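All values derive from a computational prediction rather than experimental measurement. Letters A, B, ... are given to chains in the order of the sequence lines, protein chains preceding strands, and every chain is numbered from 1.
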Amino acid sequence: MGAEDEVETFELEEGEELRFEVGASASVELQVTSGYAEVFGVELAQNRRYVFRNAKLALFTWKGCSVTLTGGTEVSYKVAETPMAIYVNAHSVLQSKRKLAKELKMKGPRCIVVGPSSCGKTSLSAILLAYMLKENHSAFFVEADYSEGVLGTPGSIGACAVEHIDVEQGPLFERPICFYYGHLDPSENTECLMQLYSVLGASIDALFGQHDELERRGFVANGPATTIEKGFDVLKHAITALRIDTVLVMDAERLYASLVREFKTDKNVQCVHVPKSGGVVTREDAFIRKFRNDRIKRYFYGPENELHPFTCVLGFDQFKVLRVGDSYQTPDSALPIGVVSTLNPLELEAVSPSATLIHSVLGVSQATDEADVMSKPVFGFCHVTKVDVPKRQMTVLAPSPGKLPGFFLVLGGVKWLEG
Amino acid sequence: MAPPDLSQVPAWDHGLVLEYDAFLNTLTFNSKDIINALTRVAHENKKDAPAICYAIESSILRHHGDRKLPLVYLLDSVVKNVRSPYLDLFAPRIGIILCEAYKASSVEIRVKLRRLLGTWVPYFGAQSVQALQAQLDQIDNMVVSSGAGAVQHMGSSQVAILLEQDVRRKLEELNRYTQHGMPIPDEKRTSCQASIEALINLENNPAKKQALAALLAQVLSGQPQPAVASNAPLPMVAPGYFALPQQMQIGHHHPAAAVMAAPVPLQHQPQQQQQAMHAGMDGTEPTSHKGKKASAAAVSKPPKQSACTSFGALKSTSPDGAVYALYDKLSHVSKPDGARFASKEMLRAHLDWLFQYNKMKKERKNSAAASRPWFARVDDWQLNLKEVSMSDADVAAIFNQQARGTGDAGSQQQSVASQQLTAVGEARNELEQLEVGDGDEACVVCGEKFDTEWNDEREAWMLQDAVRLSDSAELSICHPKCLTSSGATGSKHQLEAAADATLPSKRRRS
């Protein structure tokens, strides 16, 4: 236990950052003994013990502070060069736009953070969200990154009002709206993804139409990982569908240039280039896979394992599994020249329950009519654990007890192996 | 478009100028609505008139061609509709501004501006308007030539403005170096020197010449100039920065000091400034002094600093203004979690929430029945921004209400939120207090025993946090939380049905 009780003390001057990593099985206690510090834009209380597990964190101070870390960190180091000044200024510009919108009764700033994968998008959108909340007492977050799906499970996009942020657990997304794409790759079914962005945009507009203060404040969106080669069209569509006016492009200058050119004629969209932080850790595939698995686990079991999902046995007549588009769609290049695939990528295909469904994560659609499946959000997700064809029964893990609230279950490619 | 030059504005007005300037940036075409809205803002913020006035003026001077006209219309609208104090603030410099706009305009717009000028007699006086008309005639007669030639045609006062702006920009740059404790590169110093010298040559007023010479000496020696304080109410710039002598500024607090105006009596000698410098150095520490240890008591209360308002200036603007808005401005700190608020009421509301939240977290850890609810229906989501926060009593009330109703299976599909809304009002009175029976009562949903508490009034042990499921004879009670988590609706029958079909997962990981 000797190493675990190790206490490290750091003195940070204003504008400095302390980065540290906590291993999967370890936990580290963080305490600010004097001064003021923040983690992803959320200010920490003085002399309170914050416990972090399995995390890569950056503690930043605008005013200088002393902190202690108790327990074994894998890495911990101090840096003086950070792009935080630029990030806080970006917030400040958004904030001035919010004031302006309020004064002139106009649409507030809708901002999206985009860039290639592992460039710190999620961190920057978390910082902007935290600052937005701090100055406005309420913030609005849009998860446009289907591979992350922070509101539900990976493979979903959505939106949620945020009123509180728990430093250890992240923003409290208490009442989200969530759409299920079911894949982690935009090329899996581009049309379907675009359609979902359109419905998400329409849902947000409908909500904002009812609540003036939301409309004036706008939102912060976490964009999907994008390069010019991959996902660019989807991103373009998302920007238009969500009626975004500020695109913060992280790091990728080529992507920035292409977006600037793309929206040159559209005066409503402003692209801004921001540098990435040196603290961004390039995550290996294995880490990303584990991270996604943890996300799904978190949906069912909660961030601290405090939730209790329920096992539910469904008769085959109590649900209908649907897949969007044909999963065996032939690429255009494989078809004879001049022949275009006649399959509609938005067409719904019924999937008869079989053992192949096991481990799949299904979205429980709010649609009461099959035709509405593509335009309705989900109630949540369930995880197939067993399919008994002879008995005509399927066993799923559901977040809440009782029957599933919806009849139509949307199948994608996302699988989860518990354990 | 570059943000307005703030070096001549008192620090405490920076935020206001930038804010109003951001408003002005929406005025890209001649829109009556926007002009009316902006006029209203000016009307509501009369106390900040100098800053607003400065923002409008600098915006007219900075913007090109088409943008100038709507801004002049705005000025006109503010003067005519709000009048005091704007009329007096604009009056000294209206000549320069109109001429500048006039020069940059096409013939059609010139006609409009002339028409506008005709309506100004009741505001600025017949004499001024006549003088202005003469000036406009002069401009009309000016042979338009290109490039450097155009500068020659401008009156010397305009040249002075340009030069002064140039000097100001360069000083700003030097200030940035000293602010960060870096040495000033020689070429920057030389170019600044050249501009100041040109300005000295152009200047007729000996007092100003002297002040400029002193500034030049400071720039050359690399010795930062302190607050130009002496008899000004407050320093115009934070200590430690170079600054133009005050009487040179197009300062709105000294309208008469504008370039166009007559020479003003000397306000302070350079020597006095020198003294002020020493006072400044010994006394007030620069607020952003690097290396100063922050402590609990060290939250400084600097004057409101300019926050960044343009994405173009992300890298060049100091974050101080933004940080001030996020920290010092929100002075009510929630000790348990570090959240900050602008007012006591907000802090209190937050603390109430925090108490509930921590309680909920603790309960969740100890209970075996907490689960994630299904997401709200999209229609409910759009109507109610957040879940009506429900106390346990409210939940009980909803439950009772439902239990008394029909056990119709379809009601499970019914929207929860709408029922919550109707039920919340009458909720609290309905919570039935349950006495401890055989002491073995457990929640029918999660199977856990209830906590008990002594009730003095009833002189009995009471079950805490418990609700009766129905009026049925047999006692079935449960935690209100278990009800919400179990799909939030449903009568007893449904619950039983659910209990049959679903078993709490045994596979919960440690």
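- Interface remark: A:Y87 contributes no atoms to any contact with chain B (heavy atom separation under 4.5 Å).
- Between B:Q382 and A:H211, the shortest heavy-atom distance links the atoms O-NE2, 3.4 Å.
- Only the side chain of A:V364 comes within less than 4.5 Å of a heavy atom in chain B; its backbone stays farther off.
- Here the closest heavy-atom approach between residue B:K315 and residue A:I86 is recorded as CG-CD1, 3.6 Å.
- The part of A:V272 that comes within reach of chain B is its side chain, from C-beta onward, which places non-hydrogen atoms under 4.5 angstrom from that chain.
- Annotation: the span from B:L326 atom CG to A:H91 atom NE2 amounts to 4.5 Å, rounded to 0.5 Å.
- Residue A:T33 does not touch chain B at all, counting heavy-atom pairs closer than 4.5 Å.
- Within the model, atoms CD of A:E306 and CG of B:N366 stand 11.5 Å from one another, a figure rounded to the nearest 0.5 Å.
- Chain B forms more heavy-atom pairs under 4.5 Å with one residue of A:G41, A:S92, A:G380, A:G152 than with any other, namely A:S92.
- Taking chain B as the reference chain and counting heavy-atom pairs below 4.5 Å, the highest number among A:L248, A:V93, A:T61, A:L44 is found for A:V93.
- B:S371 is listed as a side-chain neighbour of A:S400, based on a closest heavy-atom distance under 4.5 Å.
- Contacts of B:T26 with chain A are made by side-chain atoms alone, with heavy-atom separations under 4.5 Å and no backbone atom involved.
- Listed by chain and residue number, A:N89, B:C308, B:A313 satisfy the side chain to side chain contact (heavy atoms under 4.5 Å, CB included) test with B:T317 (two or more places apart in sequence, or in another chain).
- When every heavy atom of A:A90 is checked against every heavy atom of B:L314, the shortest pair comes out as N-CD2, 3.4 Å.
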*Pair B:F311-A:L94, side-chain contact (heavy atoms from CB on, under 4.5 Å): steps then yes or no*: CA-CA 9 Å; B:F311 284 120; A:L94 293 173; 4.0 Å; yes
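- The pair B:K361-A:D166 counts as a salt bridge, with a side-chain nitrogen and a carboxylate oxygen less than 4.0 angstrom apart.
- Taken from CZ in A:F300 to CZ in B:R372, the straight-line distance is 9.0 Å, to the nearest 0.5 Å.
- For B:Y20, no part sits under 4.5 Å from any heavy atom of chain A, backbone or side chain.
- With values rounded to the nearest 0.5 angstrom, A:S96 atom OG is found 8.0 Å from B:E19 atom CD.
- Each of A:Q366, A:H164, A:Q270 has some count of heavy-atom pairs under 4.5 Å with chain B, and the biggest count is that of A:H164.
- Of all the listed residues (A:L172, A:L314, A:L151, A:T368), the one sharing the greatest number of non-hydrogen pairs under 4.5 Å with chain B is A:L172.
- If you measure heavy-atom distances from A:P377 to chain B, the contacts under 4.5 Å come from the side chain alone.
- Note: B:P319 leads B:P319, B:A339, B:P336 in heavy-atom pairs under 4.5 Å with chain A.
- Among the candidates A:H137, A:Q210, A:M84, the residue making the largest number of heavy-atom pairs closer than 4.5 Å to chain B is A:H137.
- In this structure, chain B has no heavy atom under 4.5 Å from any part of A:V32.
- Under the 30°/60° scheme for interplanar angles, the aromatic rings of A:F379 and B:W374 are found to stand perpendicular.
- Heavy atoms of A:Y50 lying under 4.5 Å from chain B belong exclusively to its side chain.
- Residues forming a side-chain hydrogen bond (donor to acceptor under 3.5 Å, both in side chains) with A:K107 (at least two apart in sequence, or on another chain): A:D245.
- Between B:Y327 and A:Y36, the angle of the ring planes goes over 60°, which puts this pair in the perpendicular group of the 30/60° scheme.
- Interatomic distance, CD1 of A:I204 versus CH2 of B:W381, reported as 5.5 Å (0.5 Å rounding).
- A:F381 has its side chain within reach of B:F375: a pair of non-hydrogen atoms, C-beta onward, lies under 4.5 Å apart.
- With sequence neighbours left out, the side chain to side chain contact (heavy atoms under 4.5 Å, CB included) criterion links A:I165 to A:V42, A:A130, A:L133, A:V162, A:P171.
- One finds the CG atom of B:L330 at 9.0 Å from the CD atom of A:E43 (value rounded to the nearest 0.5 Å).
- Heavy-atom neighbours of A:R48 CZ from other residues, nucleotides or ligands within 6.0 Å: above the threshold of 12.
- Under the 4.0 Å criterion applied to side-chain N and carboxylate O atoms, A:K63 and B:D328 are assigned as salt-bridge partners.
- Scanning residues 36-44 of chain B against chain A with a 4.5 Å heavy-atom cutoff picks out B:A37, B:R40, B:V41, B:E44, ordered by number.
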